Structure formats: C-alpha cells, structure tokens
K.L.:
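The structure under discussion is supplied below as structure tokens; questions concerning it will follow.
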Amino acid sequence: PGALIAIGEAQDRELGLELAETCLLMLNTSTGLPACQLLLPVSGTPSTTSCTAFPLFSPVVGMVYVLRVHTGQLRWADVAWVLLSAVMRWSRVPGGGFAEVANVNEVPPRLVDSMNPLVFVTLKLLYWTLQDPPPAPASLTLSGFALHV
C-alpha cells in the first residue's frame with residue numbers, strides 16, 4: 001500500500017489507502033503488536049492465527065510511516081503511537097534491549113531469545129511517524145515489503 005501511495009497515480013493512491021486499512025487488521029491481536037500475516041477468508045472474520053510471531057520489524061511499520069509522510073494525516077501518527085506503546089510494553093527486555101515475541105495473541109507473550117537488528121529501523125520509523133511533520137528522506141524507496149531509507 002505504501003508504494004502505491006508514494007509513487008502511484010490518484011487511483012493507485014486510493015487503492016493503496018484501501019489496502020492500508022486492510023493491513024491495519026493485522027493489529028487486531030491480544031498484545032496490539034502486528035501479526036506477521038493476515039488471513040482474509042472468502043467469508044467470515046479475518047484471522048491472525050496462522051503466523052503469530054512479531055519479529056520486531058513489520059511491514060506495517062514501514063507502511064504507516066509512508067502513509068504519514070505522503071498523506072500528512074495525523075491518524076497515522078496515532079497508529080504509530082499504538083504500535084510503539086505495544087513494542088515498549090511487550091518486547092522490552094529488563095536491563096535493556098528488545099526481544100521478538102513468539103505469539104502476539106498470548107498475554108503476557110513469551111519472548112524469543114533473539115533481537116532482530118531491524119528493531120532500530122522499527123523504532124526510528126515509529127519515532128519519525130510521530131513527528132509533525134514527519135521527516136521525509138531525500139529518497140524513499142520500497143523494495144518488496146522492506147522499507148529502505
């Protein structure tokens with residue numbers, strides 16, 4: 001969704017916003033941390049049960065940043081605050097650092113003894129998203145699901 005909004009034509013940006021709304025369903029977890037995947041059944045309720053780990057870098061974080069930069073809407077800063085609050089509450093390790101969460105639907109979650117180095121990208125993007133206006137890098141490219149700034 002972020003790429004459509006960042007570089008697309010008007011109709012592409014509209015589609016990107018609709019897809020972003022769908023991606024926000026990934027936050028419907030017990031911890032508020034995004035699931036790594038969302039199942040959208042033909043009928044019924046979307047589910048985050050098939051892939052419940054939080055690897056400390058989620059495409060949702062990059063998408064929220066891109067949407068904040070390109071739409072200017074404070075709504076995306078609100079989403080970033082919810083995400084940052086969940087990361088600080090559930091992923092923080094006593095004594096410093098962060099750990100991956102094994103299951104975002106388990107409260108309290110079991111922490112995995114590893115720290116993805118992309119946690120710093122996650123925190124940086126969340127911090128930038130909270131600024132008004134958010135800093136926009138000179139070049140912003142999206143490669144697959146990863147955001148490179």
Side-chain angles (χ1 to χ4, degrees), residues 1-40 45-93 96-107 109 111-112 114-149:
L4 290 171
I5 291 167
I7 60 175
E9 300 294 325
Q11 69 271 15
D12 295 332
R13 287 191 294 274
E14 193 63 36
L15 175 61
L17 286 171
E18 289 177 25
L19 290 171
E21 294 297 331
T22 302
C23 289
L24 290 182
L25 294 173
M26 293 173 78
L27 300 176
N28 290 342
T29 64
S30 300
T31 60
L33 293 168
C36 58
Q37 149 181 341
L38 178 69
L39 293 177
L40 295 169
T45 307
S47 169
T48 59
T49 56
S50 70
C51 184
T52 57
F54 175 64
L56 287 175
F57 182 76
S58 168
V60 173
V61 173
M63 178 199 71
V64 168
Y65 170 71
V66 170
L67 290 167
R68 175 75 173 99
V69 168
H70 288 281
T71 68
Q73 296 174 353
L74 288 175
R75 170 178 191 254
W76 300 109
D78 293 340
V79 172
W81 180 252
V82 169
L83 283 165
L84 181 60
S85 297
V87 168
M88 298 303 281
R89 180 172 185 190
W90 300 114
S91 291
R92 188 178 246 177
V93 176
F98 297 87
E100 296 185 0
V101 169
N103 184 339
V104 295
N105 288 312
E106 181 181 283
V107 175
L111 298 178
V112 177
S114 69
M115 184 175 78
N116 187 325
L118 290 175
V119 66
F120 301 109
V121 174
T122 296
L123 295 173
K124 174 178 70 174
L125 290 176
L126 290 171
Y127 174 74
W128 282 358
T129 305
L130 292 169
Q131 294 185 9
D132 191 25
S139 71
L140 177 68
T141 59
L142 294 159
S143 171
F145 289 112
L147 176 69
H148 302 280
V149 290

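Predicted, not measured: the structure shown is a model, and the values here were computed from it. Heavy-atom basis, side chains included; hydrogens, waters and symmetry copies ignored.
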K.L.:
Could you give me the CA-CA distance, side-chain angles and deciding distance for Tyr127 and Leu130, then say whether side chain to side chain contact (heavy atoms under 4.5 Å, CB included) is met?
P.N.:
CA-CA 5 Å; Tyr127 174 74; Leu130 292 169; 5.7 Å; no
K.L.:
Under the criterion side chain to side chain contact (heavy atoms under 4.5 Å, CB included), I'd like the reasoning laid out for Asn105 against Thr31: C-alpha separation, chi angles, the key distance, then a yes or no.
P.N.:
CA-CA 6 Å; Asn105 288 312; Thr31 60; over 6 Å; no
K.L.:
Judged by atom type as modelled, is there a donor-acceptor pair below 3.5 Å linking the side chain of Arg68 to the main-chain atoms of Thr129?
P.N.:
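Yes, because the side chain of Arg68 sits within donor-acceptor range (under 3.5 Å) of the backbone of Thr129.
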K.L.:
To check you understand the geometry: which heavy-atom pair defines the closest contact between Gly62 and Leu125, and what is its length?
P.N.:
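Shortest heavy-atom separation between Gly62 and Leu125 comes out as CA-CD1, 4.1 Å.
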K.L.:
Determine the minimum heavy-atom distance between Tyr65 and Pro135, stating which atoms define it.
P.N.:
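For Tyr65 and Pro135, the tightest heavy-atom pair comes out as OH-O, 2.5 Å.
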K.L.:
Test Leu126 against every option in Val64, Val82, Val79, Val61 by the side-chain contact (heavy atoms from CB on, under 4.5 Å) rule and name the one that passes.
P.N.:
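One option only clears the test, and that one is Val61.
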K.L.:
Sorted by first residue and then second, give each salt bridge (charged side-chain N to carboxylate O under 4.0 Å, His left out) pair with at least one member in residues 77-93; sequence neighbours left out.
P.N.:
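Pairs touching residues 77-93 that pass the test: none.
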K.L.:
Could you check Val107 against Trp90 for side chain to side chain contact (heavy atoms under 4.5 Å, CB included), going step by step and ending with a plain yes or no?
P.N.:
CA-CA 9 Å; Val107 175; Trp90 300 114; 3.5 Å; yes
K.L.:
Please evaluate residues Leu123 and Phe98 with respect to the criterion side chain to side chain contact (heavy atoms under 4.5 Å, CB included), reporting the C-alpha separation (whole Å), side-chain torsions for both, the decisive distance (0.1 Å), and the verdict.
P.N.:
CA-CA 11 Å; Leu123 295 173; Phe98 297 87; 3.6 Å; yes
K.L.:
Run the side-chain hydrogen bond (donor to acceptor under 3.5 Å, both in side chains) test against Arg75 and tell me which residues pass, sequence neighbours left out.
P.N.:
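Partners of Arg75 by the side-chain hydrogen bond (donor to acceptor under 3.5 Å, both in side chains) criterion, ordered by chain and then number, come out as Glu21.
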